[in-house]
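Heads up: the structure comes next, in structure tokens.
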Amino acid sequence: VQSITMSYALEIAQQRDYTNNPLSYIAHYYNLNGKATYNNFYAKLGYEVLSGGPLGKGEQFWTPLASHHAMNGTADVFRAIPLEGLEDFNLGAGITLWAVDFSADYHHFSSEYGNTVYGQEIDLGAKAHFDKYYTLSVEYAKFKGRTVNGFSDVDQFWLSGRAKFS
């Protein structure tokens, strides 16, 4: 008998000014997500917030060394977090067939402060496994931006390979 497995994660972080910093601020990060898996199929739902503040105050949550490609959509629109912050409501699904992982994700991006809609994104991907040492990935991302809020449309295509030497 096959069963459904469930998993969840909750992440919380806080940043604040240090010692004599002229900018006095506190910024927050929250990430809540859940995933259900049955056989070779999964479905997931998530909500992520990188806090922001009033325009020009510089109170957004900073992630200068982060790779946003894996977190805030494949189109990489949010390499820098907007001053008003970033809310990402996302859902996705995937299946593994013939040693290929297929995935589809949807993101709805808006500001954490001020309720401004930045846009929506659809991400599609396929990753093929060859032996236990090689993978080939194809990803496509379509971001539909709200130009009135400074975000234009983005279409990106990624092709990547990986070799493990171990």
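All heavy atoms count here, side chains included; hydrogens, waters and symmetry mates do not.
- When the side chains of ILVMFWY residues are joined at heavy-atom separations under 4.5 Å, either directly or via intervening members, Leu159 and Phe130 end up in a single hydrophobic cluster.
- Between Leu124 and Ala104, the shortest heavy-atom contact is CD2-CB, 3.7 Å.
- When every heavy atom of Thr135 is checked against every heavy atom of Lys127, the shortest pair comes out as CB-CG, 4.2 Å.
- A single hydrophobic cluster is not seen to contain both Phe157 and Ile122; linkage of ILVMFWY side chains at heavy-atom distances under 4.5 Å, directly or through other members, places them apart.
- Remark: side-chain polar atoms of Ser111 are paired, donor with acceptor, to backbone N or O of Thr116 under 3.5 angstrom.
- Judged purely by atom type and a 3.5 angstrom limit, Asp123 uses its side chain to pair as donor or acceptor with the backbone of Thr74.
- The two residues Gly52 and Glu112 come nearest to each other via the heavy atoms N-OE1, 3.0 Å.
- Other residues, nucleotides and ligands contribute only 12 or fewer heavy atoms inside 6.0 Å of the OH atom of Tyr133.
- When the side chains of ILVMFWY residues are joined at heavy-atom separations under 4.5 Å, either directly or via intervening members, Leu50 and Tyr47 end up in two distinct hydrophobic clusters.
- Proximity of the aromatic rings of Phe78 and Phe151 is defined here by a centroid distance below 6.0 angstrom, and this criterion is met.
- Using bins of under 30°, 30° to 60° and over 60° for the plane-to-plane angle, the ring pair Phe143/Phe109 lands in the tilted bin.
- When hydrophobic clusters are built by joining Ile, Leu, Val, Met, Phe, Trp and Tyr residues whose side-chain heavy atoms come closer than 4.5 Å, directly or via intermediates, Leu45 is not grouped with Phe41.
- Rounded to the nearest 0.5 Å, atoms OG (Ser137) and CZ (Arg162) are 9.0 Å apart.
- Side chain to side chain, Asn33 and Glu48 fail the donor-acceptor criterion of an N or O pair below 3.5 Å.
- In the hydrophobic clustering of this structure, Val49 groups with Ile12; members are Ile, Leu, Val, Met, Phe, Trp, Tyr whose side-chain heavy atoms approach within less than 4.5 Å, directly or through other members.
- Classification of Lys142 and Asp153 as a salt-bridged pair fails, no side-chain N sitting under 4.0 Å from a carboxylate O.
- Applying the side chain to side chain donor-acceptor pair (under 3.5 Å) test to residues at least two apart or on different chains, the pairs with a partner in residues 5-15 are Glu11-Tyr29, Glu11-Asn31, Gln14-His28.
- Note: Tyr106 OH to Gln120 CD = 4.5 Å, rounded to the nearest 0.5 Å.
- Ser51 contributes atom OG, which lies 10.5 Å from atom CD of Glu87 (distance to the nearest 0.5 angstrom).
- Within the hydrophobic cluster formed by Ile, Leu, Val, Met, Phe, Trp and Tyr side chains joined at under 4.5 Å, directly or through other members, Met6 is accompanied by Ile4, Tyr38.
- When every heavy atom of Ala93 is checked against every heavy atom of Asp105, the shortest pair comes out as N-OD1, 4.4 Å.
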Inset, instruction - Mind running side-chain contact (heavy atoms from CB on, under 4.5 Å) on Asp101 and His129 for me, showing each step along the way? - result: CA-CA 8 Å; Asp101 301 329; His129 303 271; 2.8 Å; yes
Inset, instruction - In sequence, state the C-alpha distance, the side-chain angles, and the governing distance for Leu97 and Phe102, and then conclude on side-chain contact (heavy atoms from CB on, under 4.5 Å). - result: CA-CA 8 Å; Leu97 300 170; Phe102 296 95; 4.3 Å; yes
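- Without hydrogens or angle criteria, Glu121 side chain to Ala75 main chain gives a donor-acceptor distance under 3.5 Å.
- Contact between Tyr118 and Gly85 at its shortest, heavy atoms only, is OH-O, 3.0 Å.
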Legend entry - Check against side-chain contact (heavy atoms from CB on, under 4.5 Å), Phe89 and Ser110: CA-CA 9 Å; Phe89 171 76; Ser110 59; over 6 Å; no
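- Shown here for Trp158 and Asp76, the closest heavy-atom pair between the two residues is CZ2-OD2, 3.4 Å.
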